[in-house]
Amino acid sequence: REYEADGNYTLRVWGDDGNYGYRVNPTPRREDSTVDEGQSAVVSRADFRRALSLAIDRDEINEQLFGGLSHPRAAAPVPGSPVYRQEYEEAWSSYDPDRANALLDGLGLTERDPDGYRKRPDGQTLTLRLDVNILPGSIEEGMHGLVSEHWRAVGIHTVVNPMERSDREALQYADRHSVVAAGICNTAVPLAYDAWHDTIGGGWGRWLRNPDDPLAIRPPEDHPETEPARGCYALIEEAYSLIDLDAAHAKLMEALDIYYDQCYSLGVVGANPVPGVVHSRMKNVPDRLIWANALMRIGHGRPAQFYIEE
């Protein structure tokens with residue numbers, strides 16, 4: 001901003017409608033497409049996802065990778081979204097490794113292997129694999145490394161598995177992934193995007209969306225995660241069917257109350273500042289703007305109404 005007067009421009013700082021984050025597959029499949037039931041018994045639990053989220057030191061990530069300019073938060077709607085709620089961005093997003101360890105212990109993951117990592121109930125070492133795009137030297141690469149360190153610190157053996165994007169997508173779409181990088185974006189126009197439809201994800205999430213999906217797995221009726229996921233998806237479907245926009249947003253927030261309590265997405269940081277350099281002759285450019293992909297970013301500012309002052 002120190003050169004605004006000399007440069008004959010003003011600097012606007014808008015907000016990005018996006019979050020960095022991760023999603024855990026509750027029904028991970030082996031290479032032969034059979035479900036790893038021993039892994040699923042652990043990673044499908046809400047308290048496991050919550051523990052992973054609480055173990056992430058978001059302030060460290062923000063300082064080291066974003067120069068302190070991002071915002072540690074859950075993968076939640078950004079301020080200005082019609083479904084924004086502060087409780088969503090704060091849900092399970094504090095750094096609390098002691099509570100994370102307590103939640104993991106509460107799941108019965110108290111036995112350790114010789115390297116200090118937690119064992120599954122079947123005696124195997126519990127291992128998470130970050131199946132991510134290969135992006136050498138990127139912020140994302142640094143984030144995957146730090147998050148894996150944070151999870152190892154609470155006893156979860158974590159490895160980073162970078163791969164070419166098409167290979168990662170093939171793995172993910174076959175439900176053979178363990179954990180993928182998956183934030184949530186486009187919350188400024190929440191009903192124009194299916195950010196939350198997958199709810200719990202994996203084969204269970206597929207079944208809720210389409211029981212005829214070849215990879216769909218009906219969630220066990222007696223499983224503690226079944227009813228929250230079913231209820232969340234039913235509310236989402238109802239919200240998207242409503243004609244009245246305010247009513248639809250209100251109904252969607254009922255679903256998001258469940259979504260963020262269940263920690264279906266593990267947010268890291270988001271709502272980054274987006275600098276906009278505006279020449280002094282360019283008029284009617286908004287001071288505030290949500291930079292949303294669903295609206296082609298600058299499109300949210302109604303650029304058809306910008307004009308140049310002669």
Side-chain angles (χ1 to χ4, degrees), residues 19-27 40-56 58 71-79 81-107 109 147 150-151 154 156 179-180 182-187 190-191 193-202 204-205 207-209 219-240 248-271:
N19 303 276
Y20 291 89
Y22 297 90
R23 285 183 60 87
V24 180
N25 184 0
T27 56
S40 178
V42 175
V43 301
S44 63
R45 300 297 301 274
D47 276 351
F48 183 76
R49 298 188 296 273
R50 292 163 178 156
L52 293 182
S53 189
L54 291 168
I56 298 173
R58 293 169 175 81
H71 302 279
R73 66 197 312 274
V78 298
S81 165
V83 294
Y84 171 79
R85 183 172 284 167
Q86 185 175 346
E87 291 89 337
Y88 297 157
E89 69 176 0
E90 294 177 350
W92 307 103
S93 63
S94 61
Y95 177 50
D96 193 342
D98 289 339
R99 191 178 181 191
N101 276 308
L103 287 172
L104 294 170
D105 290 345
L107 290 171
L109 304 175
V147 168
H150 299 159
W151 289 349
V154 294
I156 304 298
V179 179
V180 291
I184 285 181
C185 60
N186 295 325
T187 66
L191 298 172
Y193 188 65
D194 62 345
W196 302 280
H197 279 71
D198 204 30
T199 60
I200 195 170
W204 293 352
W207 189 88
L208 291 171
R209 296 185 73 164
E221 290 297 327
D222 58 350
H223 196 286
E225 308 306 322
T226 299
E227 191 52 40
R230 179 185 288 132
C232 183
Y233 184 72
L235 288 167
I236 291 171
E237 284 286 273
E238 184 177 355
Y240 276 67
H249 288 154
K251 185 61 64 174
L252 180 57
M253 292 178 79
E254 291 182 39
L256 299 187
D257 288 344
I258 300 172
Y259 190 98
Y260 288 105
D261 176 64
Q262 291 291 304
C263 204
Y264 290 139
S265 295
L266 313 179
V268 181
V269 295

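Both backbone and side-chain heavy atoms feed into the values below; hydrogens, waters and symmetry mates do not.
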* salt bridge (charged side-chain N to carboxylate O under 4.0 Å, His left out) against Glu254, all qualifying residues, sequence neighbours excluded ->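 For Glu254, the residues satisfying salt bridge (charged side-chain N to carboxylate O under 4.0 Å, His left out) (neighbours in sequence not counted) are Lys251.
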Salt bridge present between [X] and [Y] (N-O < 4.0 angstrom):
X	Y	value
Glu221	Arg230	yes
Asp96	Arg50	no
Glu225	Arg49	yes

If you round to the nearest 0.5 Å, how far is [atom2] of [Y] from [atom1] of [X]?
X	Y	atom1	atom2	result
Leu109	Asn101	CG	CG	10.5 Å
Tyr264	Ile258	OH	CD1	7.5 Å
Ser94	Leu54	OG	CG	5.0 Å
Glu87	Asp261	CD	CG	12.0 Å
Cys232	Gln262	SG	CD	8.5 Å

* Asked: How would you list, by chain and number, every residue that makes a ring-ring contact (aromatic ring centres under 6.0 Å, His included) with Phe48, sequence neighbours excluded?
  ->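 Residues passing ring-ring contact (aromatic ring centres under 6.0 Å, His included) with Phe48: none at all.
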Between [Y] and [X], do the side chains contain a donor N or O and an acceptor N or O under 3.5 Å apart?
X	Y	result
Glu90	Tyr260	no
Ser53	Arg58	yes
Tyr88	Asp257	yes
Trp151	Tyr22	no

* Should Thr187 and Pro82 count as side-chain neighbours, where that means a heavy-atom distance under 4.5 Å? ->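 No. Closest side-chain heavy atoms not under 4.5 Å.
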Do you know which two heavy atoms are closest between [X] and [Y], and how far apart they sit?
X	Y	value
Ala248	Leu191	CB-CD1, 3.5 Å
Pro219	Trp207	CD-CE3, 3.6 Å
Ala195	Tyr259	O-OH, 4.3 Å
Thr226	Pro220	OG1-O, 2.5 Å
Val78	Arg73	CA-NH2, 3.8 Å

